[in-house]
Amino acid sequence: MSENDPADLLPNDRVKQAALDGDVTQLHRGNRYGEAGDTFEIDGVTFELTAVTERTLGDMTDADAKREGSPSLEAYKERMVRAHGGSFDWDDDADVVRHRFERVEK
């Protein structure tokens with residue numbers, strides 16, 4: 001098990017707060033930011049990566065979008081375009097890495 005910097009996985013303060021609130025329990029990113037069993041901390045709260053899986057954007061479902069804080073996959077796609085300054089094109093074949101995590105109760 002290793003300690004990761006949450007800034008590597010969680011891209012901004014809004015996402016960090018959403019993870020603390022339990023509204024975000026996974027993130028798809030273009031790179032791998034840890035392995036299952038790795039931990040990271042946000043404001044004194046420890047989280048553990050429970051699964052790290054290689055996928056494509058086309059594998060994503062509404063359930064995935066909800067775990068990432070969006071009400072639907074369509075809303076998630078729109079959020080990605082906004083987050084990337086309008087320069088994001090959804091490509092079902094694009095490789096991504098799903099990072100699922102949960103709060104570690106002490």
Side-chain angles (χ1 to χ4, degrees):
M1 202 181 297
S2 65
E3 185 73 22
N4 293 312
D5 180 352
D8 292 342
L9 174 61
L10 307 176
N12 57 50
D13 289 339
R14 184 198 67 77
V15 175
K16 290 176 187 175
Q17 187 60 54
L20 284 169
D21 294 342
D23 296 331
V24 170
T25 58
Q26 79 176 23
L27 287 174
H28 281 79
R29 301 294 306 272
N31 296 305
R32 181 179 293 264
Y33 291 99
E35 301 296 333
D38 287 350
T39 60
F40 60 89
E41 191 173 296
I42 306 169
D43 295 341
V45 177
T46 301
F47 292 83
E48 179 179 342
L49 291 174
T50 58
V52 180
T53 312
E54 294 183 16
R55 311 175 80 202
T56 65
L57 285 177
D59 293 330
M60 288 189 69
T61 65
D62 277 336
D64 287 314
K66 289 175 183 174
R67 289 182 71 118
E68 297 203 25
S70 291
S72 67
L73 184 57
E74 196 56 42
Y76 177 84
K77 290 178 181 181
E78 291 170 9
R79 192 176 87 202
M80 290 299 99
V81 170
R82 285 193 312 275
H84 293 274
S87 63
F88 181 83
D89 289 321
W90 188 272
D91 176 0
D92 280 345
D93 295 325
D95 293 325
V96 291
V97 181
R98 178 176 61 192
H99 302 78
R100 284 195 172 168
F101 53 87
E102 60 187 33
R103 183 184 294 247
V104 175
E105 300 300 330
K106 293 184 178 182

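Since we're looking at a predicted model, the values are computed, not measured. All residue numbers in this chain count up from 1 along the given sequence.
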S.K.: Cluster question for you: counting only ILVMFWY and a side-chain heavy-atom cut-off of under 4.5 Å, with indirect links fine, are M60 and V24 together?
M.R.: no
S.K.: Taking V97 as the fixed residue, which of L9, V52, N31, L27 is the one that meets the side-chain contact (heavy atoms from CB on, under 4.5 Å) rule?
M.R.: V52
S.K.: What about L49 and V96, same hydrophobic cluster or not, with Ile/Leu/Val/Met/Phe/Trp/Tyr joined at side-chain heavy-atom distances under 4.5 Å?
M.R.: no
S.K.: Examine distances only and state if a side-chain atom of R67 and a backbone atom of R100 form a donor-acceptor pair shorter than 3.5 Å.
M.R.: no
S.K.: Look at the aromatic rings of F88 and W90 and report parallel, tilted or perpendicular, splitting at 30° and 60°.
M.R.: perpendicular
S.K.: Kindly give the heavy-atom pair with the smallest separation between R98 and Q26, and that separation in Å.
M.R.: CD-OE1, 3.3 Å
S.K.: Can you tell me if E68 uses its side chain to pair, donor with acceptor, with the backbone of H28 under 3.5 Å?
M.R.: yes
S.K.: Please confirm whether the ring centroid of F40 lies under 6.0 Å from the ring centroid of F101.
M.R.: yes
S.K.: Looking at every heavy atom in both R79 and S70, which two are closest together, and how far apart are they?
M.R.: NH1-OG, 2.8 Å
S.K.: Of all the heavy-atom pairs spanning A65 and Y76, show the shortest one and how long it is.
M.R.: CB-CB, 3.8 Å
S.K.: What are the two closest heavy atoms between D62 and L73, and how far apart are they?
M.R.: OD1-N, 2.7 Å
S.K.: For L10 and R29, work out which heavy atoms get closest and say how close.
M.R.: N-NH1, 4.1 Å
S.K.: Can you tell me if N12 has over 12 outside heavy atoms packed within less than 6.0 Å of its CG?
M.R.: yes
